[in-house]
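I have placed the structure first, in the form of structure tokens, so that the comments after it can refer back to it.
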Number of protein chains: 2
Amino acid sequence: MTAPAAPVRLLLADDHPVVRAGLRAVLETEPDFEIAADVPTAEEAVALAARLDVDVVLMDLQFGGRMLGSRATAEITARPGAPRVLILTTYDSDADILAAIEAGATGYLLKDAPPDELAAAVRSAAAGKSALAPAVALRLMDRMRTPATALSRRETEVLQLVADGLSNAAISKRLFLSQATVKSHLVHIYSKLGVDSRTAAVAAATARGLIRR
Amino acid sequence: MTAPAAPVRLLLADDHPVVRAGLRAVLETEPDFEIAADVPTAEEAVALAARLDVDVVLMDLQFGGRMLGSRATAEITARPGAPRVLILTTYDSDADILAAIEAGATGYLLKDAPPDELAAAVRSAAAGKSALAPAVALRLMDRMRTPATALSRRETEVLQLVADGLSNAAISKRLFLSQATVKSHLVHIYSKLGVDSRTAAVAAATARGLIRR
DNA sequence: CCCGCCCTCCACCTTTCGATGGATGCCGCG
DNA sequence: CGCGGCATCCATCGAAAGGTGGAGGGCGGG
């Protein structure tokens, strides 16, 4: 414990060159960190995580439109002796957070985190402890407190089409349902979200990150 | 022209410490750049832009929820002998771009720009030339081609409230209008966006970046 | 000065949506 | 096995939203 431990080996994955450079700059100043590589795509992160035997992967969730961040996380953590994965992203969308944690992420940080918080999170992750940014933790607590937030698969599907601007008739055709069924789903959605119109449901769901935009 | 010109003095404004560090790291390697300061708020950017007599300000548009980026740009460029302002942001929302250009920004870059593109844009800006990221330029061309895309101030205001989930009655109260007026605005919005329902209008407008989520 | 655009408002009518109150089959859990 | 949650379906009714066709004032540019 008191002996100078082996350095924490890091892999940075983010599609923004500026962010990669920033993470390098911020983390390189920590004497016990060693940055093995930085990559611009989720695919390269998966490949190098295995090859370079790193301790912690710092990964963005949004890779230029492609939603591969959480999948990459799942693939990395699936292997035995896998490194810890720390999600580092701009948004605190509920859906993203849940997906990342289910995919096996050890922590979830926001990009506006100050450098010392970032370094602390990396050390926590390396030690196997979970690390959540305060803002993210609050959000999770909030979600736990309101159990009604969980929409069923079908309800989410319907709501997503509503958000895309489709009418009930169009949705019923798309999903091979009757309009009555679509309305039933909507009624349930409204009561779960505490709203009373389709537009309000979309607003509430996007605010809570239940559907993608 | 051939003489080693005075260095380009830069001011960086971004609320993300990591991004500030990244910009520093990327731009410091250019021998003809000199970073006068970096600040985490729009207010400080306005204050220091005057005091440090910089040549180019690199400014984020989103400052921790506050929409002050474009206002800060306007305040900086309003003064005589003002520096050029380069907007550097994550999103290519039409509304944001227009607001920034109207506020007097010299260029608009996306944060996923490679370092050399970034440096080139800074030099362009310092020389007084406009600089637009290719993706942004494309978007603007696109907008020019579809003249119907431009919503009036009032229409945007109404549509934003629709996107927030308000009913026509609620909107009319909020804006001190009659419901008839709200409906009129909506009819115009629908025809401009080529849709025929409020939810579809919201979907189309967010897709084109006309309103913020 | 007139034209066009924006903003505001009105009346009437049609369509869609939401509210209510059911029913059925399926599946997992205690 | 029975209960509850989910997904599916139904009919009816009133309310909200959308369609049509106006009208008038303000403001800027040709």
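Just so we're on the same page: letters track the sequence lines, and every chain starts at 1.
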Whole angstrom value for the distance that separates [atom2] of [N] from [atom1] of [X]:
{"X": "A:Leu159", "N": "C:dG18", "atom1": "CG", "atom2": "P", "value": "11 Å"}
{"X": "A:Leu175", "N": "D:dA7", "atom1": "CG", "atom2": "C1'", "value": "12 Å"}
{"X": "A:Glu157", "N": "D:dC6", "atom1": "CD", "atom2": "P", "value": "16 Å"}
{"X": "A:Lys192", "N": "D:dG5", "atom1": "NZ", "atom2": "P", "value": "10 Å"}
{"X": "B:Leu151", "N": "C:dC6", "atom1": "CG", "atom2": "C1'", "value": "13 Å"}
{"X": "A:Leu193", "N": "C:dG18", "atom1": "CG", "atom2": "P", "value": "13 Å"}
{"X": "A:Tyr190", "N": "C:dT20", "atom1": "OH", "atom2": "P", "value": "13 Å"}
{"X": "B:Leu177", "N": "C:dC7", "atom1": "CG", "atom2": "P", "value": "11 Å"}

For A:Asp60, the option from A:Leu23, A:Ile87, A:Asp15 that meets side chain to side chain contact (heavy atoms under 4.5 Å, CB included): A:Asp15
Among D:dG18, D:dC9, D:dA7, the nucleotide that comes nearest once only the side chain of A:His185 is considered: D:dA7
Of the listed nucleotides C:dC7, C:dC10, D:dT8, the one nearest the side chain of A:Thr181: D:dT8
Find the distance between [atom1] ([X]) and [atom2] ([Y]) and round it off to the nearest 0.5 Å.
{"X": "B:Leu166", "Y": "B:Gln160", "atom1": "CG", "atom2": "CD", "result": "9.5 Å"}
{"X": "B:Ser197", "Y": "A:Arg198", "atom1": "OG", "atom2": "CZ", "result": "7.0 Å"}
{"X": "B:Ile211", "Y": "B:Leu161", "atom1": "CD1", "atom2": "CG", "result": "10.0 Å"}

B:Arg153 vs C:dC6: side-chain N/O to OP1/OP2 distance below 4.0 Å: no
Any A:Arg154 side-chain N or O less than 4.0 Å from OP1/OP2 of D:dC6: no
First encountered from the 5' end of DNA chain C, between A:Asn168 and A:Val187: A:Asn168
Closest-nucleotide 5' rank along DNA chain C - winner of B:Lys183 and B:Phe176: B:Phe176
Assign [X] to base, sugar-phosphate, or nothing according to its heavy-atom contacts below 4.0 angstrom with the strands shown.
{"X": "B:His188", "value": "nothing"}
{"X": "B:Ser184", "value": "base"}
{"X": "B:Ser178", "value": "sugar-phosphate"}

Closest approach of A:Thr73 to A:Gly104 (non-hydrogen atoms, all atoms of both residues): CG2-C, 4.3 Å
Shortest non-hydrogen contact between B:Ala163 and A:Ala203, atoms and distance: O-CB, 3.3 Å
Sidechain-backbone polar pair: B:Arg84 side chain, B:Ala126 backbone, donor-acceptor under 3.5 Å: no
Angle by which the axis turns from one end of the helix from C:dC1-D:dG30 to C:dG30-D:dC1 to the other, five pairs per end, to 10 degrees: 40°
